[in-house]
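It should be emphasised that the depicted structure is a prediction, and the values quoted were computed from it without experimental measurement. Numbering of ligands and ligand atoms starts at 1, following listing order. Nothing fancy with the numbering, it's 1 onward along the sequence.
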Amino acid sequence: MSASSEKRFLRALRGEALTPPPFWLMRQAGRYLPEYRATRAEAGDFLSLCYTPDFAVEVTLQPLRRYGFDAAILFSDILVIPDALGQGVRFVKGEGPQLDPIRSAEELSRLDPERVLPHLAPVFETVKRLSGEIPQTTALIGFCGAPWTVATYMVEGHGSKDYAATKKWAYGDPEGFDRLIGLLVDVTTDYLIAQVDAGAEALQIFDSWAGVLPEEAFTRWVTRPIGEIVRRVKAARPGVPIIGFPRGAGLLYEGFIDATGVDAVSLDTTVPLAWARDRLQSRCCVQGNLDPILVVTGGQAMLDGIDRILEILGRGPFVFNLGHGIVPETPPEHVAQLADRIRSFQG
Ligand SMILES: Cc1c2[nH]c(c1CCC(=O)O)Cc1[nH]c(c(CCC(=O)O)c1C)Cc1[nH]c(c(CCC(=O)O)c1C)Cc1[nH]c(c(C)c1CCC(=O)O)C2
């Protein structure tokens, strides 16, 4: 496909510097939009929203209609994998996800990898429908949670502040914990390949809790598993760009890029911009990293934050995004002002 006809988001992931840069926002479909809240109420519960293609397609399209983002991300969740494995996942209002925890390698027999792809058939149907419904110039992103972050929910049984139960198992029985990570590498690889076969044009791997691990543990349970998933997906489906998001990686971002072979890396809010330009953008496309709370604040503070990112990262291979997902209290009109500001950037 000639460069000029390829979608701008995909061109940036392949290393082109584009002005203005393409952009989308993590959690662009979500509770900050009244139309999302209406569909969510109609669906009844969160997993029904994820597993009913009519609903999942609708909420994926809602932010595109408003803001014309350069990418659409499949509406699903990283926790559909433990749900598909048979662990039992519930999203409790005001408490977030609740799972029946798995605390040792002996309990892995509760999980059934064979049921994953059949259980997730509605998600692939959503991807297939989206690939025929999104605008011609908008790229479709498939995604998964990285093995470490998914494992933290499976072991803790809910979100956590210190991930003590997961770390105790990992540090106390590393070979046993490796079995959980290995199982997640296997089923996640198959899940991503199936998303590509249904029409996903790029993939993002969310390791939202990577930053809680010290260097050696980060290498063993963030970098190596993601690198193995990237290697297997690229061997099976060459040419599909993959974005890695090891949130909180700090100085470990550099080694992560070199060791995993990702095409792009998503930066969390704390990554210094000049360091990212000099040390990371020379290695691959970078994505990020506005503080989502600046989109809540809006006004000149938000505009200044956008401008500074565009000034420093906007002349290399770059996708504008947030440093983490949009938060529910974000005024939708601030997202419209953000979109206008990025589109008016002339380099
Ligand atoms: C850690 C994580 C999860 N899910 C996800 C991550 C990694 C990204 C990140 O770090 O935010 C990823 C995710 N979750 C969701 C998407 C779909 C894409 C999109 O929203 O644009 C994506 C890409 C929908 C969702 N996933 C969830 C919501 C909120 C559901 C609702 O109450 O309507 C959405 C829109 C639920 C969820 N899902 C998860 C938690 C902790 C929660 C509860 C917290 C919260 O309510 O925001 C797990």
Which atoms of ligand 1 are found less than 4.0 Å from any heavy atom of Ala29? 19 (C), 20 (O), 21 (O), 35 (C)

So, regarding Gly96 and ligand 1 (criterion: nitrogen or oxygen to nitrogen or oxygen, under 3.5 Å), is there a contact or not? no

If we number the atoms of ligand 1 from 1 as shown, the ones under 4.0 Å from a heavy atom of Ile73 are 18 (C), 21 (O), 23 (C)

Ligand-side contact atoms (ligand 1) for residue partner His324, heavy atom cut-off under 4.0 Å: 9 (C), 10 (O), 11 (O)

Carboxylate-amine/guanidinium proximity below 4.0 Å for Asp54 and Arg129: yes

Quick one: pull up CZ in Phe55 and CZ in Phe46 and give me the separation to the nearest 0.5 Å. 13.5 Å

Do me a favour and list the nearest non-hydrogen protein atom to atom 42 (C) of ligand 1 with residue, atom name and distance? Pro97 CD, 3.8 Å

I'd like the name of whichever of Ser208, Ala43, Ser76 reaches closest to atom 24 (C) of ligand 1 through any heavy atom. Ser76

Under 4.0 Å from ligand 1, counting heavy atoms only, is it the side chain of Lys93, its backbone, both or neither? neither

For ligand 1, which part of Arg247 has a heavy atom less than 4.0 Å away: the side chain, the backbone, both, or neither? neither

Exactly one candidate in Tyr191, Phe124, Tyr51 meets ring pair (Phe, Tyr, Trp, His ring centres under 6.0 Å) with His119; the answer is Tyr51

Atom 45 (C) of ligand 1 has as its nearest protein heavy atom Arg31 NH2, 3.2 Å

Considering only the protein, which heavy-atom contact is closest to atom 22 (C) of ligand 1, and what is its distance? Phe143 CZ, 3.8 Å

Please work out, at 4.0 Å between heavy atoms, whether the side chain, the backbone, both, or neither of Met26 comes within that distance of ligand 1. neither

Looking at CD1 of Ile205 and OG1 of Thr149, how far apart are the two atoms once the value is rounded to the nearest 0.5 Å? 11.0 Å

Tell me, which protein residue and heavy-atom name are nearest atom 13 (C) of ligand 1, and how many Å apart are they? Arg27 NE, 3.5 Å

Under 3.5 Å donor-acceptor, Thr60 side chain and Ala56 backbone: yes

Looking at atom 2 (C) of ligand 1, what's its closest protein heavy atom, distance included? Ile78 CD1, 3.5 Å

So does Arg308 pair up with Glu311, basic N to acidic O under 4.0 Å? no

Considering only heavy atoms, which of Tyr32, Tyr36, Tyr153 lies nearest to atom 35 (C) of ligand 1? Tyr36

Does Asp207 pair with Arg247 as a salt bridge, N-O distance under 4.0 Å? no

For atom 14 (N) of ligand 1, find the nearest protein heavy atom and state the residue, atom name and distance (0.1 Å precision). Asp77 OD1, 3.1 Å

Salt-bridge present (Arg224, Glu228; N to O < 4.0 Å): no

Can you check whether Gly314's main-chain N or O pairs, donor with acceptor, with Arg277's side chain at less than 3.5 Å? no

Report the member of Trp24, Phe91, Trp209, Phe46 with the shortest heavy-atom distance to atom 25 (C) of ligand 1. Phe46

Do the side chains of Lys168 and Asp173 get close enough for a salt bridge, i.e. N-O under 4.0 angstrom? no

Suppose we measure from atom 31 (C) of ligand 1 to each protein heavy atom; which comes out shortest, and what is that distance? Arg40 NE, 3.4 Å

Hydrophobic clustering (ILVMFWY, side-chain heavy atoms < 4.5 Å, transitive) - are Phe345 and Val335 grouped together? yes

